[in-house]
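Report on the following structure.
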2 protein chains.
Amino acid sequence: MIRLGKLTDYGVGLMTRMAQDGAAGLTNARDLSGRTGMPLPTVSKILKLLCQAGLLESRRGVGGGYALARDPRQITLGDMVDALEGPVALTECVGDGDCNCAYLADCGLQQQWNGINRRLQETLNSVTLAEMAAEAACPSPQGKGA
Amino acid sequence: MIRLGKLTDYGVGLMTRMAQDGAAGLTNARDLSGRTGMPLPTVSKILKLLCQAGLLESRRGVGGGYALARDPRQITLGDMVDALEGPVALTECVGDGDCNCAYLADCGLQQQWNGINRRLQETLNSVTLAEMAAEAACPSPQGKGA
DNA sequence: CCCAAACAGAACCAATTGTGTACTGTTTCA
DNA sequence: TGAAACAGTACACAATTGGTTCTGTTTGGG
Ligand code: FES
Ligand code: FES
């Protein structure tokens, strides 16, 4: 089951939320925690990671908070996944030229894996935060609760 | 880090190996274990899963073994991942119409996730076993060991 | 008929990873 | 100076995965 972690899921949700808020600027973690229902420490952790990756900008001190560092159209899903989940690497041998697969000594699949991995990254990078926020703002009428 | 399990990695390697062997037909688990260096029980487990998914056909008894069930061009990477890793589902809410995300009550991202998930599956399905085996058979000259 | 080869299935344990929380520091403004 | 809010670290718990083991079941040959 190829699945990304819950933190990533949550993180994308938080980013979407912030994008929908528009350029309202600073949003603090406590506020987001209250609005989404997820525990404050968890929100903090996620926002911090996103900030370290340069996707958010933080302002400390009393009136502080987080804000999107770039235009939502310049932030891709790939960026967020990268920030929260680490680099996309389908197998161990993706990335550098070293094939570490313990067994299958000379399997020679490294090139293929790299290619597939790259295509996957492109797919993720082709989705922007703006797109996710836009569609999320006008959900299909027969949504679950609404 | 989006990563598929080692079993999947190994499984793809085994399948590639079998595809390269051509229509040689039956290959037993012990033989593959010897050739790849991975423990027999693990090989057995992987082949069993692939067989259950209909990607391999098995023959029991003394001269038994496994063989590809279809032409390598009819087997995609998506099939193998499905068999060994379970269905691709990036988030919990992918699949049926139920959004189970504990927090983010009305995040409304379900549609997006489904779309992204589908694109991802398409990417995996666009790679056939034949392709992987072909390139693996003639690796780049400056390969690691050769 | 009986035995060995090979797959089938289930159960199981160990290791890793991911999740979530807590605590302590640091910066900023009133 | 003090409170608000982010930053960083460390840790405990839970879930998943990886891998092994054991016990059938089928097949062919001696
Ligand atoms: S699995 Fe990485 S090169 Fe073989
Ligand atoms: S994360 Fe699934 S709909 Fe919100």
Side-chain angles (χ1 to χ4, degrees), chain A residues 1-11 13-14 18 25-34 36-67 69 81 83-86 89-92 101-104, chain B residues 1-11 13-14 18 25-34 36-67 69 81 83-86 89-92 101-104:
Chain A
M1 180 107 68
I2 292 185
R3 163 164 288 171
L4 31 80
K6 291 186 185 178
L7 291 188
T8 308
D9 191 355
Y10 299 160
L14 291 175
M18 294 180 75
L26 284 303
T27 312
N28 66 25
R30 176 175 302 178
D31 182 25
L32 276 175
S33 165
T36 60
M38 74 171 70
L40 177 56
T42 302
V43 174
S44 249
K45 187 176 189 173
I46 293 171
L47 293 181
K48 194 196 319 170
L49 284 172
L50 291 168
C51 191
Q52 288 175 335
L55 270 50
L56 293 179
E57 283 184 353
S58 71
R59 171 135 186 197
R60 300 166 70 153
V62 171
Y66 291 94
V81 170
L84 294 165
E85 199 95 352
L90 274 185
T91 64
E92 299 185 24
C101 51
Y103 315 126
L104 296 167
Chain B
M1 179 110 66
I2 292 185
R3 162 163 288 171
L4 32 80
K6 292 185 186 177
L7 291 187
T8 308
D9 191 357
Y10 298 160
L14 291 175
M18 292 180 75
L26 284 302
T27 312
N28 66 26
R30 174 174 305 179
D31 181 25
L32 277 175
S33 165
T36 61
M38 75 172 71
L40 177 55
T42 301
V43 174
S44 250
K45 187 178 191 174
I46 293 171
L47 294 180
K48 195 195 317 172
L49 284 172
L50 290 168
C51 191
Q52 287 174 336
L55 269 52
L56 293 179
E57 283 183 354
S58 70
R59 171 137 188 190
R60 299 166 70 154
V62 171
Y66 291 94
V81 170
L84 293 165
E85 198 94 350
L90 273 186
T91 65
E92 299 185 23
C101 47
Y103 316 125
L104 296 169

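Letters A, B, ... mirror the listed sequences (proteins, then strands); counts begin at 1. These numbers come from a predicted model, not from an experiment. Because only heavy atoms are used, hydrogens play no part in the values below, and waters and symmetry mates are left out as well, while side chains stay in.
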### Message
With a 3.5 Å distance limit and no angle check, can you tell me whether A:Ser33 reaches the backbone of A:Val43 through a side-chain donor-acceptor pair?
### Response
no
### Task
Specify the separation, in whole Å, of atom CG of A:Leu49 and atom P of D:dT9.
12 Å
### Task
Return the value, rounded to whole Å, for the distance between atom CG of A:Asn28 and atom C1' of D:dC6.
10 Å
### Query
By side-chain contact (heavy atoms from CB on, under 4.5 Å), which residues pair with B:Leu49, not counting sequence neighbours?
B:Gln52, B:Leu84
### Query
salt bridge (charged side-chain N to carboxylate O under 4.0 Å, His left out) with A:Lys6: which residues, sequence neighbours excluded?
B:Glu92
#### Entry: Residues which pass side chain to side chain donor-acceptor pair (under 3.5 Å) with B:Thr8, listed by chain and number, not counting sequence neighbours
B:Glu85
### Task
Specify the separation, in whole Å, of atom CZ of A:Arg30 and atom C1' of D:dA4.
8 Å
### Residue among A:Leu26, A:Asp31, A:Leu32 satisfying side chain to side chain contact (heavy atoms under 4.5 Å, CB included) with A:Asn28
A:Asp31
### Query
How would you give the extent of chain B contacts on DNA chain C, as first and last nucleotide 5' to 3' within a 4.0 Å heavy-atom cut-off?
C:dA4 to C:dG9
### Message
Pair A:Leu50, A:Leu14 - check side-chain contact (heavy atoms from CB on, under 4.5 Å), show working.
### Response
CA-CA 10 Å; A:Leu50 291 168; A:Leu14 291 175; 5.5 Å; no
### Query
Is any side-chain nitrogen or oxygen of A:Ser58 closer than 4.0 Å to OP1 or OP2 of D:dA7?
yes
## Note on the structure
By side-chain contact (heavy atoms from CB on, under 4.5 Å), B:Pro39 pairs with (sequence neighbours left out) A:Tyr103, B:Pro41, B:Thr42
### Task
Kindly write out the residues that satisfy side-chain contact (heavy atoms from CB on, under 4.5 Å) with A:Ser44, not counting sequence neighbours, or none if the list is empty.
A:Ala29
Any N/O pairs under 3.5 Å between the protein and nucleotides 27-30 of chain D? List them or say none.
| unit_1 | atom_1 | unit_2 | atom_2 | d |
| --- | --- | --- | --- | --- |
| D:dT27 | O2 | B:Val62 | N | 3.4 |
| D:dG28 | OP1 | B:Arg59 | NH2 | 2.9 |

### Message
If you count every heavy atom of other residues, nucleotides or ligands that lies below 6.0 Å from A:Arg59 atom CZ, does the total exceed 12?
### Response
no
#### Entry: Where protein sits on nucleotides 13-20 of chain D, one letter per nucleotide: B base, S sugar-phosphate only, - none, heavy atoms under 4.0 Å
-----SBB
### Message
A:Ala67: which residues meet the side-chain contact (heavy atoms from CB on, under 4.5 Å) condition with it, sequence neighbours left out?
### Response
none
